[in-house]
Participant: 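Have a look at the structure that comes next, please.
In what follows, chains carry the letters A, B, and so on, assigned in the order in which the sequence lines appear, proteins first and then strands, with residues in each chain numbered from 1.
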Number of protein chains: 2
Amino acid sequence: MDAVFRALADPTRRQLLDSLHARNGQTLNALCEEMAMTRQAVAKHLAILEEANLLTTLRRGREKEHYLNPVPINEIAERWIGKFERGRLTALSDLKKRLERED
Amino acid sequence: MDAVFRALADPTRRQLLDSLHARNGQTLNALCEEMAMTRQAVAKHLAILEEANLLTTLRRGREKEHYLNPVPINEIAERWIGKFERGRLTALSDLKKRLERED
DNA sequence: TTAATATGCAACCATTTGGTTGCATGTCAA
DNA sequence: TTGACATGCAACCAAATGGTTGCATATTAA
């Protein structure tokens, strides 16, 4: 899970996920065309995303296709973010208490 | 939004959010007791979380209370993660197409 | 078979990050 | 008022990060 958070921390990597969300299964060179950096830099970012299990790859001849894997993002949404969402009302209540203590 | 993702990337900072989720309004020294690092290091992490608007502070005398702000986490869940959640069925469909191409 | 294409690997570099220590400032309480 | 306590600020450091260049390898197509 830490790997997923760290992978999502970089805007380039989120852009890569966006690109794959728009068109899944793109090859490295295809993904490079939208990025303002070298192919090797993009490959490093893709490796980090793959390490976090955010995408899977399929070697097809000399090309390598990249497929989005939405499962880790869902896990984060459910197991981690959900906890804070449920805390919204609590937080508002805390704010109220805080303001009352101001008096 | 980039600041929120980067803030969430560090496990220490997620732990701080967890701690505030368990007990909101804690002071710097209180938060430090659970952390295996110096007070100054914790203060830096808290500054990053505050910069990302993930928490607000309230100076009370010589102490400073820290309050969780769940709004940015909700925004990420709704505007960014939701997009990929909705793509789950699409991704499965893509996988099916991919496997069909294997023949 | 050979040239072009797609990717992989490694060394290298600048900047950012996450931590430290040391000291300064402000506030409470005896 | 003065000492203890809570926080702020700044310099410094090692390691991680994000990028580059150069070259190697593997596959396709003429």
Participant: A side-chain contact here means heavy atoms from C-beta on lying under 4.5 Å apart; do B/D18 and A/W80 qualify?
Facilitator: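 Yes. Closest side-chain heavy atoms under 4.5 Å.
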Participant: Considering only nitrogen or oxygen atoms on both sides, find all protein atoms under 3.5 Å from nucleotides 20-24 of chain D and state each distance.
Facilitator:
| residue | atom | partner | partner atom | Å |
| --- | --- | --- | --- | --- |
| D/dT20 | OP2 | A/T38 | N | 2.9 |
| D/dT20 | OP2 | A/T38 | OG1 | 2.6 |
| D/dG22 | O6 | A/Q40 | NE2 | 2.7 |

Participant: In this structure, how many angstroms lie between the P atom of D/dT17 and the CG atom of A/L8, rounded?
Facilitator: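 Those two atoms, CG and P, are 15 Å apart.
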Participant: Starting at atom CD of A/E65, determine the distance to atom P of C/dA6, rounded to an integer number of angstrom.
Facilitator: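 The distance from CD of A/E65 to P of C/dA6 comes to 13 Å, rounded to the nearest Å.
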Participant: Quick one: list whatever passes salt bridge (charged side-chain N to carboxylate O under 4.0 Å, His left out) with B/D2, sequence neighbours left out.
Facilitator: A/R14, B/R6
Participant: Could you state the atom-to-atom distance from CZ of A/F5 to C1' of D/dA16 in whole Å?
Facilitator: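 So the CZ-C1' distance, A/F5 to D/dA16, works out to 20 Å.
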Participant: What is the distance, to the nearest angstrom, from the CD atom on A/E51 to the P atom on D/dT17?
Facilitator: 12 Å
Participant: Between A/G61 and A/H45, who's closer to the 5' end of DNA chain D by nearest nucleotide?
Facilitator: A/H45
Participant: Which whole-number value in Å describes the distance from A/H66 NE2 to C/dA6 P?
Facilitator: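 About 14 Å, once rounded to whole Å.
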Participant: Using whole Å, what does the distance between atom P of nucleotide C/dT16 and atom CZ of A/R6 come to?
Facilitator: 20 Å
Participant: Any heavy-atom pair between the side chains of A/R13 and A/L17 that's under 4.5 Å?
Facilitator: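 Side-chain contact under 4.5 Å: no.
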Participant: For B/K83, is there any backbone N or O sitting under 3.5 Å from a side-chain donor or acceptor partner on A/H21?
Facilitator: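 Side chain of A/H21 to backbone of B/K83, a donor-acceptor pair under 3.5 Å: yes, one is there.
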Participant: Which whole-number value in Å describes the distance from B/E63 CD to D/dA4 C1'?
Facilitator: 13 Å
Participant: Does B/E75 CD have over 12 foreign heavy atoms under 6.0 Å away?
Facilitator: yes
Participant: Ignoring hydrogens and angles, tell me if any N or O in the side chain of A/E34 forms a donor-acceptor pair with the backbone of A/S19 under 3.5 Å.
Facilitator: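 Checking the backbone N and O of A/S19 against the side chain of A/E34, no donor-acceptor pair under 3.5 Å is found.
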Participant: How do B/A30 and A/T12 order along DNA chain D: which one's closest nucleotide is nearer the 5' end?
Facilitator: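 Its nucleotide being nearer the 5' end, the pick is B/A30.
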Participant: Expressed in angstrom and rounded to an integer, what is the separation of B/N29 atom CG from D/dG8 atom C1'?
Facilitator: 13 Å
Participant: Has the side chain of B/N69 got a donor or acceptor atom that lies under 3.5 Å from a matching backbone atom of B/N53?
Facilitator: yes
Participant: Considering only D/dA4, C/dA6, D/dT7, which nucleotide approaches the side chain of B/R62 most closely?
Facilitator: D/dA4
